[in-house]
Amino acid sequence: MLKSSMLYPQDSVSRRAVRLDGMWKFQLDPNSSGIIEGWVDGLPDPDRIPVPASFCDFYTDKETREYCGDFWYETELYIPEEWKGKEIDIRFGSVTHRAAVYFNGVEVTSHEGGFLPFCARITEIARFGVPNRLVVLANNELSETTLPCGTVGTLPSGRKIAKPYFDFYNYAGIQRPVWLVATPKESVFDFSVAHELDGADARVRYEVVTNGESAVRVEVRDEDGVTVASADGKRGVLPIPNVRLWKVLDAYLYRFTVRILDGETVVDEYTQEIGVRTVDVRDNQILINGEPVYLKGFGKHEDSDIVGRGFHIGMMKRDFELMKWIGANSFRTSHYPYSEEIYQMADREGFLVTDEVPAVGMFPSLMNFAEASTGKDTAFFARETAPQLQKNHLIQIEEMIARDKNHACVFAWSLLNEPDTLDESSTVYFEKIFDHCRALDPQKRPRTFSLLMNSTPDKCKCWQLSDFLSLNRYFGWYVLGGADIESAEIAFRKEMDQWAELVGDRPMVFTEYGGDTNGGIDKLPSVMWSQEYQIECLEMCHRVFDSYPFVKGEQVWNFADFQTTEGIMRMDGNKKGIFTRQRQPKRAAFYLKQRWEALPMNFKSE
Ligand code: BDP
């Protein structure tokens, strides 16, 4: 059961939501002495940094950028007198990777996991008319029991450094918006919708959770504000005659309003946009509203200059414009649930989103992307850390589904990225994860996970759990790159022939493929890292995809270059972007645009 409501903050007749973003006090706590020294009552020697943002890339010294351990934030806020009698919360879009929150010196909540929201209820200790002190103790250490997985190293000087089991930089901080929220004592805690189509009509099955017994009424309005359906009660079915469906790249959003009523008086009102659409996987096809869709798009990251993983509304807008320009229709939130604002935009733009939980690094190697092809025997899920890891994994799936379940854009859940699948212990671990997801999702969307190179058809013990298969494959890059690309294609086809024997009626989507490319290097003839080679590598992969009818999607790795841990495999970050980190096209972007604009939405099912 969730500790707090996951509903996105909003103003309504009964609610108020105020952003607390801006310059906050900030201080590192390398000895973890802040609690004993009373920092909960105010930071002794703070700097000031922006919220939301990762703290790392503001600084010019390595120690601060690479800092690993406890760190603190502080701000001051006023609570309006008119809010007396309401429940008051501080809502964090996320704090990476964990946080304890202190309000006026009292611990009000703590939260594990860096990519999902949580609330701190402050009603009892809120002061009106005087400043209130909000202090957050955050921590960015990784371990094998937390998501994502990694460990902490110690340098000779005693300084801790992050050792992620994944390549993206371990950005941390208050990376998403923070809100001060007022809700009535009796309020809407949660709601869900699920859709069925019947000819030209739809039925929206709904369920509302409130914290009281007062009557509930729900209403659906179209984009012109006309009420098209309404019903009384906490659960029921709303018939929408002549429905305008949410379609891929042709979104239509109804407004779904829940009201708690005391007679005719509105006690609470909450409104969210919903798209009416169905999702099915059948006969090697991914079906939206019964119509086959071929996925074109990317694995992405929340990553940009200076603010790191911090939510940046301008960057979000630019990314969607680039995705529309290039002819994409989908993306995966690799490797963690993204900011909520991004799903709202995907709903509006009609993009399909595979929503991924931060289950990455679940493979026993510090550099899984480098050792992907060694195929050595491992058993990550047989370790003694696995039960605790699984507990956290299940909680984060619950929080992710609670947060994102009503988004039309979310058509699938990705439950792991490149985990160990070679040992029986993986199957045991996975089954619980997949069952939990199915049980929690009111729309019973397809579940998948991205298979590492060594999860081959003959060795992988878990692929059967996926409703559609997701493959990460680097033929032509990590495997047989450069002058060997001809052999890469042969090896790729050999593996695909084996899959063809196995997949049955399941579709397959490529969730990663491509190669590192320096946007400044042009070479004739091509060499690895040149822009020309990136195109050749993609072309080779596409030739392979196009020869297998059950391949129903291609999501290139990555949308844009992104920052990583330093290493000999990375030149100031991962350069597999089709766009640079500054969101300008590499040559491959024009090639992809040409291909994707030519592929019909129902490619291979025409
Ligand atoms: C895969 C990972 C991804 C890496 C990518 C790469 O899923 O996070 O960035 O390879 O090596 O192993 O570029």
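First listed ligand is number 1; within each ligand, the first listed atom is number 1.
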Phe380 vs Pro419 side-chain heavy atoms within contact, under 4.5 Å
no
Any salt bridge linking Asp467 with Arg438? Criterion: basic side-chain nitrogen under 4.0 Å from a carboxylate oxygen.
yes
Which one of Phe363, Tyr474, Phe166 has a non-hydrogen atom at the shortest distance from atom 5 (C) of ligand 1?
Tyr474
By side-chain hydrogen bond (donor to acceptor under 3.5 Å, both in side chains) - contacts of Glu321 (at least two apart):
Lys317, Lys324
Classify the side-chain pair Tyr169/Asp57 by whether it contains a donor and acceptor separated by less than 3.5 Å.
no
Is the closest heavy atom of Arg473 to ligand 1 under 4.0 Å?
no
Which distance, rounded to the nearest 0.5 Å, do you find between the NE2 of His97 and the CD of Gln175?
8.0 Å
Per ring-ring contact (aromatic ring centres under 6.0 Å, His included), Phe492 is matched among Trp477, Phe510, Trp499, Tyr513 by Phe510
Does Met569 approach ligand 1 within less than 4.0 angstrom via side chain, backbone, both or neither, non-hydrogen atoms only?
neither
Please confirm whether Tyr478 comes under 4.0 Å of ligand 1, counting heavy atoms of the residue only.
yes
Residues in ring-ring contact (aromatic ring centres under 6.0 Å, His included) with His301, at least two apart?
Phe168, His335, Tyr336, Trp557, Phe562
Interfacing atoms of ligand 1 (cut-off 4.0 Å, heavy-atom, Asn472)
7 (O)
Between Asn558 and ligand 1, which part of the residue brings a heavy atom under 4.0 Å of the ligand: side chain, backbone, both or neither?
neither
For His335, take its heavy atoms, then give the atoms of ligand 1 lying under 4.0 Å from any of them.
3 (C), 7 (O), 8 (O)
Under-4.0 Å heavy-atom contact with ligand 1, by part of Asp516 that carries it
neither
Ligand-side contact atoms (ligand 1) for residue partner Phe562, heavy atom cut-off under 4.0 Å:
9 (O)
Side chain, backbone, both or neither: which applies to Arg570 and ligand 1 if a contact is any heavy-atom pair less than 4.0 Å apart?
side chain
Against heavy atoms of Glu418, which atoms of ligand 1 measure under 4.0 Å?
1 (C), 2 (C), 7 (O), 12 (O)
Please report the interatomic distance CD(Glu302) to OG(Ser334), rounded to the nearest 0.5 Å.
10.0 Å
Ligand 1 to Asp167, heavy atom cutoff 4.0 Å, flagged ligand atoms 4 (C), 8 (O), 9 (O)
